[in-house]
**Student:** 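There's a structure below that I have some questions on.
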Amino acid sequence: MLCHSIYLHIPFCRHRCNYCDFNTYAGIEDLIPRYVEALCREVELVASSLDERLPVHTVFFGGGTPSLLPAEELERTLQSIDRSFNLAPDLELTLEANPGTLSPAYLRQLRVLGINRLSLGMQSADPSELALLERQHDFNDVRQAVDWSRQAGIENINLDLIFGLPYQNLSRWDQSLTLACGLQPAHFSIYSLTLEHGTPLKDWIDRGLLDQPDSDLAAEMYEWTVERLDLAGYEQYEISNWMRQDRRGEARQCRHNLQYWRNQPYLGFGAGAHGFAGGSRTVNVLAPAAYIRRMTNKQACAFPRTPATAQISRIDEATEMAETMFMGLRLTREGISRKAFHQRFKRLPQDVFVTEIEELLALGLLEIAGDDGDILRLTPQGRLLGNQVFIRFV
Ligand code: SF4
């Protein structure tokens, strides 16, 4: 049976940052105990709708700010997962956290619970940029969080950073990168700021209260990031993700996100969580209170549906092939293995997407790689213009 991943959405934040459009809320932390109860019920209901226990190799607490959950609530959730699925001995167990919400004692508790990967929302080291984004921490909090995690025995640490901010220049971005590299995390996720509709930041920029970020400068920052991280010994493996090997030479890719990029199945639990399992994509109801209400209904549902499911769509083979292409092409080294694609769909990508692949090869955005020419992947130019590539497969 295919190994699955589990995503658990924790929709609580101390403060709603002005650029964020995630499904998260400030000031409703009193819902946490009931929310966790609902989460456990959803986990157990999905498992009980199957004849066998699904094998699971990654679990990811994302948000929101999962580090706002007391250790006892995380423990309850993990016990429920452990009772319901066959967890791999080398399970990757990630928790997203905001620097400034952590303490040495809490991190030690996380380690005891089996959390072996921490993803920290650093975003920038520059105080004015952090203030612009309304982040509630400074670089010292990040440094402390990294030290405390290591002391607690959690060495697999990711730092999230954002570039392309209003008023940011290359030298300030380089300073943030340099300080971040100095902490030697195992992994970086680095994204360009997206101005999402409905966010205060986009509204202020639209009204001329803040300068529009410079998109050419953001492209330069991305190119600089690629060079800078390469110099610092990090290997880029996805358009926005870098990793370095640990002391034993083990690659520290995010195995959970690889599951998405390889278009492999995952279960999404919690308010607004997305899932892809049993040949269907699911989306849960967004509001935490509605989620809790729905999950008081213990009625059994056909896998992967639960009472919290707000949308479910069957994925036909043509859609699955297209999704496999545009997600897999994000993997800058691995790309799409033509043999693996054939094994999965009994057809070769170049026979299914004849025009798209021919055109992208001719434009120099795709290349054929690997000793036996098995790999289709983006060229460096294609990485810069990724959206122009992906759109052809949508
Ligand atoms: S802490 Fe993260 S999830 Fe929460 S509001 Fe800020 S950016 Fe969004």
Side-chain angles (χ1 to χ4, degrees), residues 5 58 60 92 94 117 119 156 158-164 173 177 180-181 185-194 215 218-246 249-264 321-341 344 348-350 353 356-394:
S5 287
T58 72
F60 194 105
E92 179 188 87
T94 305
R117 187 170 185 275
S119 179
N156 194 356
N158 167 62
L159 295 182
D160 280 345
L161 275 90
I162 303 184
F163 64 92
W173 171 236
L177 270 182
C181 286
H187 191 279
F188 279 113
S189 289
I190 303 184
Y191 288 88
S192 173
L193 175 73
T194 311
S215 56
E220 259 183 74
M221 287 179 186
Y222 177 74
E223 287 181 81
W224 175 240
T225 306
V226 172
E227 278 181 44
R228 181 70 188 78
L229 292 187
D230 182 50
L231 283 173
Y234 286 87
E235 184 184 315
Q236 185 176 18
Y237 70 100
E238 197 266 352
I239 289 184
S240 305
N241 286 271
W242 287 259
M243 57 105 190
R244 66 179 173 77
Q245 295 182 342
D246 67 9
E250 203 181 298
R252 294 290 204 177
Q253 294 161 314
C254 175
R255 286 166 48 206
H256 184 82
N257 286 343
L258 276 175
Q259 187 86 353
Y260 301 149
W261 297 318
R262 290 176 180 158
N263 204 19
Q264 298 292 336
M321 285 193 286
E323 289 175 345
T324 301
M325 288 301 291
F326 74 74
M327 289 197 273
L329 285 173
R330 294 193 62 92
L331 293 167
T332 47
R333 293 182 72 93
E334 180 178 315
I336 299 284
S337 154
R338 300 200 257 192
K339 280 185 214 138
F341 189 96
R344 181 166 173 175
L348 285 165
Q350 64 270 32
F353 303 102
E356 292 85 349
I357 291 176
E358 267 175 19
E359 278 178 16
L360 290 167
L361 286 169
L363 286 167
L365 300 178
L366 272 193
E367 65 182 9
I368 293 173
D371 293 340
D372 53 357
D374 177 49
I375 303 296
L376 261 179
R377 67 183 185 195
L378 296 177
T379 58
Q381 180 68 1
R383 291 176 204 174
L384 282 175
L385 303 172
N387 287 341
Q388 289 187 27
V389 176
F390 308 141
I391 200 137
R392 294 182 190 238
F393 298 99
V394 177

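Quantities reported herein were computed from a predicted structural model and do not represent experimental measurements. One-based numbering along the sequence shown.
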**Student:** Which heavy atom of G382 sits nearest a heavy atom of V389, and at what distance?
**Tutor:** O-CG2, 4.4 Å
**Student:** Take F341 and D374 through the side chain to side chain contact (heavy atoms under 4.5 Å, CB included) test and state the conclusion after the steps.
**Tutor:** CA-CA 10 Å; F341 189 96; D374 177 49; over 6 Å; no
**Student:** Output all residues satisfying salt bridge (charged side-chain N to carboxylate O under 4.0 Å, His left out) with E238, sequence neighbours left out; order by chain, then residue number.
**Tutor:** R330
**Student:** Using a 3.5 Å distance criterion without hydrogens, assess whether the side chain of R244 forms a donor-acceptor pair with backbone atoms of R252.
**Tutor:** no
**Student:** May I ask you to test the W242-V226 pair for a side-chain heavy-atom distance under 4.5 Å?
**Tutor:** yes
**Student:** Under a 4.5 Å cut-off applied to non-hydrogen side-chain atoms, are T225 and R228 in contact?
**Tutor:** no
**Student:** Can you give me the closest heavy-atom contact between Y237 and H187, atom names plus distance?
**Tutor:** OH-NE2, 2.6 Å
**Student:** Measure across I375 and R333 and return the closest heavy-atom pair with its distance rounded to 0.1 Å.
**Tutor:** CG2-O, 4.1 Å
**Student:** Run the side chain to side chain contact (heavy atoms under 4.5 Å, CB included) test on E92 and C254 for me, step by step, so that the C-alpha distance in whole Å, both residues' side-chain angles and the decisive distance to 0.1 Å come before the verdict.
**Tutor:** CA-CA 9 Å; E92 179 188 87; C254 175; 4.1 Å; yes
**Student:** For the residue pair S5 and Q264, establish whether any side-chain heavy-atom pair is separated by less than 4.5 Å.
**Tutor:** no
**Student:** Is there a side-chain contact between T58 and T94 (heavy atoms, below 4.5 Å)?
**Tutor:** no
**Student:** Please say whether more than 12 non-hydrogen atoms of neighbouring residues, nucleotides or ligands are located less than 6.0 Å from CD1 in I391.
**Tutor:** no
**Student:** Measuring from Q350:CD to R338:CZ, what's the distance to the nearest 0.5 Å?
**Tutor:** 4.5 Å
**Student:** My understanding is that only residues two or more places apart in sequence, or in another chain, count here; which of them pass side-chain hydrogen bond (donor to acceptor under 3.5 Å, both in side chains) with E359?
**Tutor:** R392
**Student:** Going through the distances and angles, do F188 and L177 end up as a side chain to side chain contact (heavy atoms under 4.5 Å, CB included)?
**Tutor:** CA-CA 10 Å; F188 279 113; L177 270 182; 5.7 Å; no
**Student:** Where is the tightest heavy-atom contact between R117 and N158, given as atom of each residue plus distance?
**Tutor:** NH2-CB, 3.6 Å
**Student:** Go through the steps to decide whether F353 and L376 satisfy the test side chain to side chain contact (heavy atoms under 4.5 Å, CB included), and finish with yes or no.
**Tutor:** CA-CA 12 Å; F353 303 102; L376 261 179; over 6 Å; no
**Student:** Is there a side-chain contact between L229 and Q236, using heavy atoms and a 4.5 Å cut-off?
**Tutor:** no
**Student:** State, yes or no, whether a side-chain contact exists between Q388 and L363 at a heavy-atom distance under 4.5 Å.
**Tutor:** no
**Student:** With the threshold set at 4.0 Å, does a side-chain nitrogen-carboxylate oxygen contact exist between E334 and R377?
**Tutor:** no
**Student:** Could you work out, with side-chain hydrogen bond (donor to acceptor under 3.5 Å, both in side chains) as the rule, every residue matching Q259, not counting sequence neighbours?
**Tutor:** H57
**Student:** Looking only at heavy atoms, which two atoms of L193 and G164 are closest? And how far apart?
**Tutor:** CB-O, 3.8 Å
**Student:** Is there a side-chain contact between P349 and M321 in this structure, where contact means two heavy atoms from C-beta onward sitting under 4.5 Å apart?
**Tutor:** no
**Student:** Where is the tightest heavy-atom contact between S192 and I162, given as atom of each residue plus distance?
**Tutor:** C-CG2, 4.3 Å
**Student:** Tell me, do T332 and I239 make a side-chain contact under 4.5 Å, heavy atoms counted?
**Tutor:** yes
